[in-house]
Protein chains: 2
Amino acid sequence: MSLDIPERGDGDDERGGRGRSDWAYDMLHEAIREGTLEPGQRVMEPEVSAWLRISRTPVREAMRRMQAEGLLEHAPGGGLSVALYDLRAIGEFYATRESLEGTAAALAARNADDTERRILASTLDAMRKLPDAPRAHARENQALHEQIYQAAHNRFLLKSLRTLLNFVPLLGRTTYHAPGRAEVALREHEAIVAAIQARDPAEAEAAARLHIRHAYESRVHVVTEDIRAAAERRSARRPSPGPGERGSARRPPAKDGS
Amino acid sequence: MSLDIPERGDGDDERGGRGRSDWAYDMLHEAIREGTLEPGQRVMEPEVSAWLRISRTPVREAMRRMQAEGLLEHAPGGGLSVALYDLRAIGEFYATRESLEGTAAALAARNADDTERRILASTLDAMRKLPDAPRAHARENQALHEQIYQAAHNRFLLKSLRTLLNFVPLLGRTTYHAPGRAEVALREHEAIVAAIQARDPAEAEAAARLHIRHAYESRVHVVTEDIRAAAERRSARRPSPGPGERGSARRPPAKDGS
DNA sequence: GTCAATACTCGTGTATGCACGAGTGTGCAG
DNA sequence: CTGCACACTCGTGCATACACGAGTATTGAC
C-alpha cells in the first residue's frame, strides 16, 4: 500500500510541529474568524475532513473541542453548527466580560511585577504609533489585554477569559470599525495601565469596566450596521429565499489546488 | 466474530441514553470526585479503555474534554494526568469564583423572574431541614448556587461558572467538613437570597462575595488538615519513599467483576 | 564495574471500517 | 391529488489497525 507516506502534493500543510488535531482546530477557528464559516452554518465531519485532507478523527477532536468552548453547538438535526449570536447574547457576553476584565485589571494592579509593568507601558507606546488599520489596532488591543490577564497571576481567571474571548470571532468585524473607536480606546487603555502602574486596584477595575462598557456600545453599533447591511443584500439578491441549500458545491473553503 | 453485539456481561453499564463518550466523561469525573484518581496521577487511554470496557475513541474524547476544562493537564512524560492543585491555585480559584459568583448574584437580583425567586426560597427552606451529613449539605448547596446562576440569565456567565466549578472535585473533601460551616453557610445563603428577593444587586453581590470568601477560609482549613493527615500517613507507612511505582497492578479502579 | 548503544515496550496520533439512526425522497394505494 | 409506507442516503458514534516516538531495559565494549 502506498499510504505509508502521507505524500500530500499540496505545499499548504505548513502547520507547526503540532498534530493534525490542533491544526484542524486552528483552521476551523480561522475559517470562523474569516467568515468562511458563518454563524448558524452546519459543520459536518466528512466535509471538513475532505477540505483539510485528513481523516475524520482529528477533525472530530477539533470539533468537540470547539463545542466544549462554545464555538460550535448542537445543531437541530443532531450534528454541530457554528454558534449563533443574537443581540441579547452579545449583551450577556459583555456583561460577563466586564466582570472578568475588571477583576483582571484589579488583580494586575495588585500583583504585576516590574517586568510586566514595563511590558504594559511599551505595548501602550506601540499602540500610540499605530496606523489607521482596524486589524492592526485589534491585534495590539488583544495583546495588551492578554498582558493584563497574565499580570493578574491567576490561572483560573486567565482560562476563563481566554475561553470567553474565543467567542469574539463570532461577533463579526472588530469594534475598531466603529468611527473614532481607536482614539477613545487608546485613552481608556491609558487609564487602565496608569491605574495598574499606580497599584490602585479599585481604579484599575473601574477603568477596565468602563472600557468594556464602551466596547459594548461600539459592538452594538457595528453589529446592528452589519445586520442591516446583510438584510439589504439579502433582499436585493433573492426575492424568495429558497430553503433548499442542498446543492453540490457548498460553502466550505475551496481549498482545492486546482 | 461475536463483536456485532456488545454483549457486556456486567450489569454496570447503566448509562443514560447518551453515548459512551459522555458516559466515560462521567465515570472519569466520578473517579476524580471519589478520589480513585488522585491529583497528579497519570491517566492513560488504554488503561481507562480497559477499565470501562470500551474502545479508546470515546475515552480519548472524554479525556480531551477534561483537558479543555482543566481537569487533566499535560503530564511531564507527554500524556495526561489529573491536574495538581497547590494552595496558591486554591487562592486563585476562589478569587475568580468570588468575582463570578458576585456577578451572578447581582444579575440574579436584577433578572430573576417570580418562578425563580420561588424556587430559590424553597431550596433555602429545604436546606434548613437538612441532617448533619456533609454530603447532603454539599449537594443542596450546589443546587442553590446553580439556581442563582440560572436566575442571572447570562449564558456566558453560566458557562464560565460551570467550567470553573468543575475544578472543585480536585480540591478534596467538601468545605462542609469544617466544623460549624453548615450553620454559617446557611446564614450566608439566606442573606444572598434575601438580597435577590429584594431586587438589590449591590447587596446580593456583596453577600455572595462574602460567602465565597468564607468558603475559601473553610477550604483552606480542610485542605491543610488533609495535607497534614496525608503527610502523617505517609511517614508512618513507608520510611523511604521508593520512586519506582512501575509494578503490575496500578491504582485505577479495580472494576473487575472478579 | 561503568558507560554507551541498541532493541523493545508502550502510549499516543491518525486512519479506516462498520453499524445505527434520523431525515428524505419515492412509489403505491386510496 | 393526497397520504402513508418503505427504502435509501448520509452523518455520527464506536471500534480496530497501524505507525511513530519517547522512555527503558538489556547487552556489549572498554
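As judged by a 4.0 angstrom heavy-atom cut-off over every strand, A/Val48 is placed among residues making no nucleic acid contact.
Heavy-atom distances under 4.0 Å link DNA chain D to A/Arg56, A/Arg60 of residues 56-63 of chain A, given in residue order.
Between A/His29 and A/Met66 the shortest side-chain heavy-atom distance falls below 4.5 Å. Residues A/Asp86 and A/Ile90 fail the side-chain proximity criterion, which asks for heavy atoms closer than 4.5 Å.
For A/Arg155, the CZ atom counts as densely surrounded, since its 6.0 Å shell holds more than 12 non-hydrogen atoms of other residues, nucleotides or ligands. No more than 12 heavy atoms of other residues, nucleotides or ligands shown are found within 6.0 angstrom of CD on B/Gln142. Heavy-atom contacts from other residues, nucleotides or ligands closer than 6.0 Å to CZ of B/Arg33 number more than 12.
Put simply, the residue from B/Arg18, B/Glu69, B/Glu30 that forms a side chain to side chain donor-acceptor pair (under 3.5 Å) with B/Tyr25 is B/Glu69.
At whole-Å resolution of the value, CG in B/Leu52 and P in D/dA15 are 10 Å apart. Rounding to whole angstrom units, CD1 of residue B/Ile54 and C1' of D/dT16 are separated by 14 Å. The separation between B/Met44 atom CE and D/dA22 atom C1' is 14 Å, rounded to whole Å. The CH2 atom of B/Trp23 sits 17 Å away from the P atom of D/dG13 (whole-angstrom rounding). Taking atom OH on B/Tyr25 and atom P on D/dG13, their separation rounds to 17 Å, with Å as the unit. Protein atom CD of A/Glu47 is 11 Å distant from nucleotide atom C1' of D/dG11, rounded to whole Å.
For D/dG13, one of the phosphate oxygens OP1 or OP2 lies less than 4.0 angstrom from a side-chain nitrogen or oxygen of A/Arg64.
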- Message: Quick one, B/Asp22 with B/Arg65, criterion salt bridge (charged side-chain N to carboxylate O under 4.0 Å, His left out). Give me CA distance, side-chain angles, the key distance, then yes/no.
- Response: CA-CA 10 Å; B/Asp22 291 329; B/Arg65 192 168 146 203; 3.2 Å; yes
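Here the nucleotide nearest the side chain of B/Ser55, chosen from C/dT12, D/dA15, D/dG13, is D/dA15. For A/Pro46, the side-chain atoms get nearest to D/dT12 when compared with the rest of D/dT12, D/dG13, C/dA15. Closest approach to the B/Arg20 side chain among C/dG11, C/dA15, D/dA15 is made by D/dA15 (side chain taken as heavy atoms from C-beta onward). Listed candidates were D/dG11, C/dG13, C/dT14. Nearest to the side chain of B/Glu45 is C/dG13.
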